[in-house]
S.K.: 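Please find one structure pasted underneath; my questions will follow.
Because the structure is predicted, anything quoted here is derived from the model rather than measured.
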Amino acid sequence: MQNTIAYIHEKLHLIYDEREIRSFIHRILDSVCHWRTHDILLCKDKEISPNERQRIEDIVCRLQKQEPIQYILGETEFYGLSFNVNPEVLIPRPETEELVDLIIKEINATRGNRDGSVRVLDIGTGSGCIAVSLAKNIPDATVYAIDISPGALAIARQNAEKNQVDVSFVEHNIFNDFPEGILPDTWDVIVSNPPYVALSEKQNMESNVLDYEPHTALFVPDNQPLLFYERIAEFGLDKLNGKGTIYVETNARYGNETSEIFLRKNYKEVSLYKDMAGKDRIVKARLQG
């Protein structure tokens, strides 16, 4: 095993920092050899089979090209759950875990003050990480999720099954009208992590994102960086119930501008939350204060 660890480090040390390489080593040995951290620490003389060695070399080769480890292994962790991922979907980020955590805590805190299920719609679900996590952690939630991408929805359905939750997935473009009966008429919660990176920001992004993650899920035009929030706010005016709430993840550059969209449309309670890095990241809007 020690030779394998040295091999991974040698091949990657000019590309990644030490912290990343340590993380890769643990993830690779877990995925290929099913060795947990304690195995790596206590069983340094374990032998690796020729097939395992070949698999590790293939993974390292792809890492040298800066392909995300999540796509290489085909899975990642989000909010304590395991999710399948591939280049059809964005890799879930820690900032989105903060969005999910806020919703779960707020919805569960009101359970004693309402009758029946809470109805949740996730717009632009991608891997389904938001919808599945909410369904898993809110016992009385009825969760729907929409996306424009059939490939993304296929992954999202796998993740709902993998995590043993019931989520209704619908293929639809949020900018088009919904056919009659495709979704319930009203919602208690609407959530979205829509595309929000302006095309002009490409030059500042890492190649592992630009070269591998789906651009349609990332980028918006420079002249309309907030078009998804405009549409979501309009949709909410029509479809939220009286005390319903919208939660959206937003570009840190446009936190105040995103909040202003909801205020202009007469949402009565609009809050802007910072993420763990201190950046504007989540906007919450209610129709009634």
Side-chain angles (χ1 to χ4, degrees), residues 8 11-25 27-28 31 57-78 83-100 122-130 147-156 158-159 173-175 192-229 231 248-255 257-258 275-282:
I8 295 171
K11 295 296 183 180
L12 300 180
H13 79 278
L14 295 179
I15 306 169
Y16 301 96
D17 63 33
E18 289 295 323
R19 179 188 60 80
E20 287 180 295
I21 293 173
R22 285 196 298 271
S23 175
F24 290 154
I25 288 169
R27 293 191 68 170
I28 291 169
S31 178
E57 290 178 0
D58 291 343
I59 291 170
V60 169
C61 181
R62 292 170 70 177
L63 283 170
Q64 288 177 310
K65 299 173 184 176
Q66 296 191 305
E67 184 175 351
I69 187 73
Q70 296 90 339
Y71 290 157
I72 297 172
L73 301 182
E75 63 180 4
T76 192
E77 184 176 300
F78 179 88
F83 285 85
N84 295 343
V85 290
N86 67 16
E88 295 280 355
V89 300
L90 290 181
I91 297 165
R93 264 64 171 187
E95 296 86 353
T96 309
E97 289 182 304
E98 296 182 61
L99 170 68
V100 165
D122 177 22
I123 296 174
T125 196
S127 67
C129 63
I130 294 175
D147 203 286
I148 194 174
S149 166
L153 288 171
I155 291 293
Q158 289 177 19
N159 286 325
N173 184 338
I174 186 63
F175 292 99
S192 184
N193 176 21
Y196 60 62
V197 181
L199 285 169
S200 58
E201 296 181 80
K202 272 188 177 183
Q203 59 189 352
N204 300 320
M205 297 180 71
E206 299 291 338
S207 60
N208 63 332
V209 176
L210 281 177
D211 293 346
Y212 293 98
E213 299 202 52
H215 286 200
T216 54
L218 283 169
F219 295 110
V220 287
D222 286 336
N223 63 343
Q224 289 183 294
L226 304 177
L227 79 165
F228 280 92
Y229 304 101
R231 174 57 179 147
V248 292
E249 184 174 326
T250 188
N251 188 325
R253 295 173 57 188
Y254 298 113
E257 290 87 342
T258 304
D275 62 20
M276 286 184 292
K279 297 180 179 180
D280 291 343
R281 188 63 64 190
I282 299 168

S.K.: Can you tell me how far CG of Asp280 sits from CD of Glu257, rounded to the nearest 0.5 angstrom?
M.R.: 9.0 Å

S.K.: Does Tyr16 reach the side chain of Leu63, with side-chain heavy atoms less than 4.5 Å apart?
M.R.: yes

S.K.: Taking the side chain from Asp275 and the backbone from Arg281, do they hold a donor-acceptor pair closer than 3.5 Å?
M.R.: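 Flag not set: sc Asp275 to bb Arg281 has no pair under 3.5 Å.
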
S.K.: Give, for atom CG of Asn208 and atom OH of Tyr71, the distance between the pair rounded to the nearest 0.5 Å.
M.R.: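 Going from the CG atom of Asn208 to the OH atom of Tyr71 covers 9.5 Å.
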
S.K.: Working to the nearest 0.5 Å, report the span between CD1 of Ile130 and OG of Ser192.
M.R.: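 So the CD1 of Ile130 and the OG of Ser192 are separated by 7.0 Å.
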
S.K.: Quick one: are Ile59 and Ile69 in side-chain contact, heavy atoms under 4.5 Å?
M.R.: yes

S.K.: Would you say Lys11 and Gln64 make side-chain contact, with heavy atoms under 4.5 Å?
M.R.: yes

S.K.: Where do Phe219 and Leu199 come nearest, in terms of heavy atoms and distance?
M.R.: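 Heavy atoms of Phe219 and Leu199 come nearest at CB-CD2, 3.7 Å.
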
S.K.: Could I get the full list of salt bridge (charged side-chain N to carboxylate O under 4.0 Å, His left out) partners for Glu249, not counting sequence neighbours?
M.R.: none

S.K.: Hey, does the side chain of Asn159 reach the backbone of Asn84 with a donor-acceptor pair shorter than 3.5 angstrom?
M.R.: yes

S.K.: Are the side chain of Glu98 and the backbone of Met276 linked by a donor-acceptor contact shorter than 3.5 Å?
M.R.: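 Side chain of Glu98 to backbone of Met276, a donor-acceptor pair under 3.5 Å: yes, one is there.
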
S.K.: Do Arg19 and Phe24 touch side chain to side chain, with heavy atoms closer than 4.5 Å?
M.R.: no

S.K.: Between Val85 and Ile155, is any pair of side-chain heavy atoms under 4.5 Å apart?
M.R.: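 With C-beta onward as the side chain, the pair stays apart.
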
S.K.: Are there more than 12 heavy atoms of other residues, nucleotides or ligands under 6.0 Å from atom NZ of Lys202?
M.R.: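 It does: Lys202 NZ has more than 12 such atoms within range.
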
S.K.: Is it true that a side-chain atom of Glu201 and a backbone atom of Ala198 form a donor plus acceptor pair closer than 3.5 Å?
M.R.: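 Yes: the side chain of Glu201 pairs with the backbone of Ala198.
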
S.K.: Any side-chain heavy atom of Leu73 sitting closer than 4.5 Å to one from Arg27?
M.R.: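 Yes; the side chains approach each other to less than 4.5 Å.
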
S.K.: If we only count heavy atoms from C-beta on, is the Leu226 to Thr258 side-chain gap below 4.5 Å?
M.R.: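 Yes, side chains in contact.
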
S.K.: Does Glu213 pair with Arg93 as a salt bridge, N-O distance under 4.0 Å?
M.R.: yes

S.K.: Heavy atoms, side chains only, cut-off 4.5 Å: are Met205 and Val197 in contact?
M.R.: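 Yes; the side chains approach each other to less than 4.5 Å.
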
S.K.: To the nearest 0.5 Å, what is the distance between OG1 (Thr76) and CZ (Phe83)?
M.R.: 9.5 Å

S.K.: Donor-acceptor check, side chain of His215 to backbone of Leu210, threshold 3.5 angstrom: yes or no?
M.R.: yes

S.K.: Using every non-hydrogen atom in the two residues, find where Val220 and Tyr196 come nearest and quote the distance to one decimal.
M.R.: CG2-C, 3.9 Å

S.K.: Enter the distance from Ser127:OG to Glu88:CD here, rounded to the nearest 0.5 Å.
M.R.: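 The OG atom of Ser127 sits 12.5 Å away from the CD atom of Glu88.
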
S.K.: Does a donor on one side chain and an acceptor on the other come within less than 3.5 Å for Glu95 and Asn193?
M.R.: no

S.K.: Taking the six-membered ring for Trp and the single ring otherwise, decide whether the centroids of Phe228 and Phe175 are under 6.0 Å apart.
M.R.: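 So the answer is yes for these two rings.
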
S.K.: Closest heavy-atom contact between Pro214 and Pro87?
M.R.: CD-O, 3.5 Å

S.K.: Say whether Asp222 and Ser200, considering side chains only, have a donor N or O and an acceptor N or O under 3.5 Å apart.
M.R.: yes

S.K.: What's the separation between atom CG in Leu153 and atom CG in Asp147, rounded to the nearest 0.5 Å?
M.R.: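 Nearest 0.5 Å value for the CG-CG distance: 5.0 Å.
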
